[in-house]
Amino acid sequence: MNSEHPAARGPERPQAREPEHPEERGVPVGRRLFLGTVGLGALGVLAAPTLQRGMESFLAGASDKDPTGLTGLLPNGGGFRYYSVASSVPHKDATDYRLTVDGLVDRPASYSLADLEALPQTRLVQDVQCVTGWRVPATPFEGVRLSAILDAAGVRSTAGAIRFTCFDGVYTESLTLEQARRPDVLVAHRMQDKAVAHSHGGPVRLYVAPMYFYKSAKWLSGITVTEKVRPGYWEERGYDVDAWVGRSNGRDDEPTS
Ligand SMILES: Nc1nc2c(c(=O)[nH]1)N[C@H]1C(S)=C(S)[C@@H](COP(=O)(O)O)O[C@H]1N2
Ligand SMILES: [Mo]
């Protein structure tokens with residue numbers, strides 16, 4: 001864990017959750033957090049509320065340190081909020097952007113932006129849902145299916161998962177191989193029918209349509225095929241690895257009972 005980051009500092013540091021209790025499955029999140037609190041005893045009392053506030057307290061921390069007060073307002077356009085766990089991120093463009101593919105593959109590769117643009121393109125339009133509650137309806141993303149990049153690399157039979165790394169130097173994400181091969185998972189270079197802006201993770205970000213937006217790693221620079229899932233940045237801090245919208249520890253819907 002990197003103690004330089006506001007999210008990793010101080011009494012509000014999100015605590016890792018114990019593995020999910022079986023009886024929590026499928027229960028709406030408010031109820032689930034309550035059950036988790038009871039089930040986990042003293043640890044739960046600390047962990048559940050801090051987990052719930054993890055990303056918000058991170059953002060609050062970022063704006064506290066910003067004398068201009070602009071961080072908290074960073075609109076990122078059309079209902080999006082700007083998230084970065086790194087305080088500054090280098091800018092990359094068509095001249096210096098590279099995406100490397102390595103790990104348990106027969107043909108490691110390095111793609112430029114032009115290489116990615118030359119491959120067959122897929123455009124998806126679905127709602128973006130952040131685990132902290134905000135949603136942006138019907139957002140177009142366009143790029144190369146992750147499955148095509150994996151097929152080109154020749155994934156070995158021992159492989160079971162993907163680890164994603166980012167040129168912010170901090171953020172990581174993960175998917176199982178099965179999830180990564182879904183047709184609604186893209187290596188995206190367009191968002192809202194424009195080139196992905198730097199603030200949105202450009203020139204290339206991951207887009208995992210069926211999952212909470214934290215799975216959609218910005219400033220994507222590495223795809224490593226691994227044997228097992230290695231939990232990503234927010235997952236190490238308690239968020240679900242399987243981040244299906246409405247079926248994981250987010251807040252898609254209020255409890256219905
Ligand atoms: N590299 C990187 N990717 C990231 C994040 C981050 O902090 N760093 N935050 C995630 C979260 S929690 C969200 S909601 C979205 C926000 O994307 P946006 O800034 O385009 O709104 O990016 C996701 N991908
Ligand atoms: Mo998020």
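Because the structure is a prediction, the values reported are computed rather than measured. Counting starts at 1 for both ligands and their atoms, in listed order. Because only heavy atoms are used, hydrogens play no part in the values below, and waters and symmetry mates are left out as well, while side chains stay in. Position 1 is the first residue of the sequence, and the numbers go up from there.
- Within the set F164, Y82, Y83, Y214, the minimum heavy-atom distance to atom 9 (N) of ligand 1 is found for Y83.
- Atom numbering of ligand 1 starts at 1 in the shown order; those under 4.0 Å from a heavy atom of S84 are 6 (C), 7 (O).
- Ligand 1 has an N or O atom lying under 3.5 Å from an N or O atom of H200, backbone or side chain.
- Of the residues listed (T172, L206, V187, V208), the one engaging F164 in a side-chain contact (heavy atoms from CB on, under 4.5 Å) is L206, and it is the only one.
- Between F80 and H200, the ring-plane angle classifies as perpendicular under the 30° and 60° cut-offs.
- Under 4.0 Å is where a charged nitrogen must lie from a carboxylate oxygen, and between E235 and K215 at least one such pair does.
- Numbered from 1 in the order shown, with element, the atoms of ligand 1 that lie under 4.0 Å from a heavy atom of C166 read 1 (N).
- Neither the backbone nor the side chain of A86 comes within 4.0 Å of ligand 1, counting heavy atoms alone.
- Note that R237 lies in the cation-pi zone of Y233, set by a 6.0 Å cut-off to the ring centre and a 45° limit from the axis.
- Ligand 1 has no N or O atom lying under 3.5 Å from any N or O atom of W219, backbone or side chain.
- Near S199, with a cut-off below 4.0 Å to any heavy atom, the atoms of ligand 1 are 19 (O).
- With a 4.0 Å heavy-atom cut-off, ligand 1 is reached by the side chain of D168 but not by its N, CA, C or O.
- Counting heavy atoms closer than 4.0 Å to ligand 1, residue F213 contributes atoms from both its backbone and its side chain.
- The closest approach between a heavy atom of W134 and any atom of ligand 1 is below 4.0 Å.
- Residue contacts with ligand 1, taken as heavy atom pairs separated by less than 4.0 Å, involve R81 solely via the backbone atoms N, CA, C and O.
- Distances from ligand 1 to the non-hydrogen atoms of R205 include at least one value under 4.0 Å.
- Salt bridge annotation for K218-D168: absent, with no cationic side-chain nitrogen under 4.0 angstrom from a carboxylate oxygen.
- Salt bridge annotation for D193-R123: present, with a cationic side-chain nitrogen under 4.0 angstrom from a carboxylate oxygen.
- For the ring pair (Phe, Tyr, Trp, His ring centres under 6.0 Å) with W234, the qualifying choice from Y83, Y214, Y239 is Y239, the only one to do so.
- Considering every non-hydrogen atom in both G222 and L99, the closest pair reads N-CD1, 3.7 Å.
- Selection from Y171, F80, F167, W234 by nearest heavy atom to atom 10 (C) of ligand 1 gives Y171.
- Among the atoms of V85, some N or O lies under 3.5 angstrom from an N or O of ligand 1.
- Side-chain contact, D102 with T100: no donor N or O sits under 3.5 Å from an acceptor N or O.
- Those atoms of ligand 1 with a heavy atom of C130 less than 4.0 angstrom away are 14 (S).
- Checking Q179 against D242 by side-chain atom types alone, a donor-acceptor pair falls below 3.5 Å.
- Not a single heavy atom of G201 sits closer than 4.0 Å to an atom of ligand 1.
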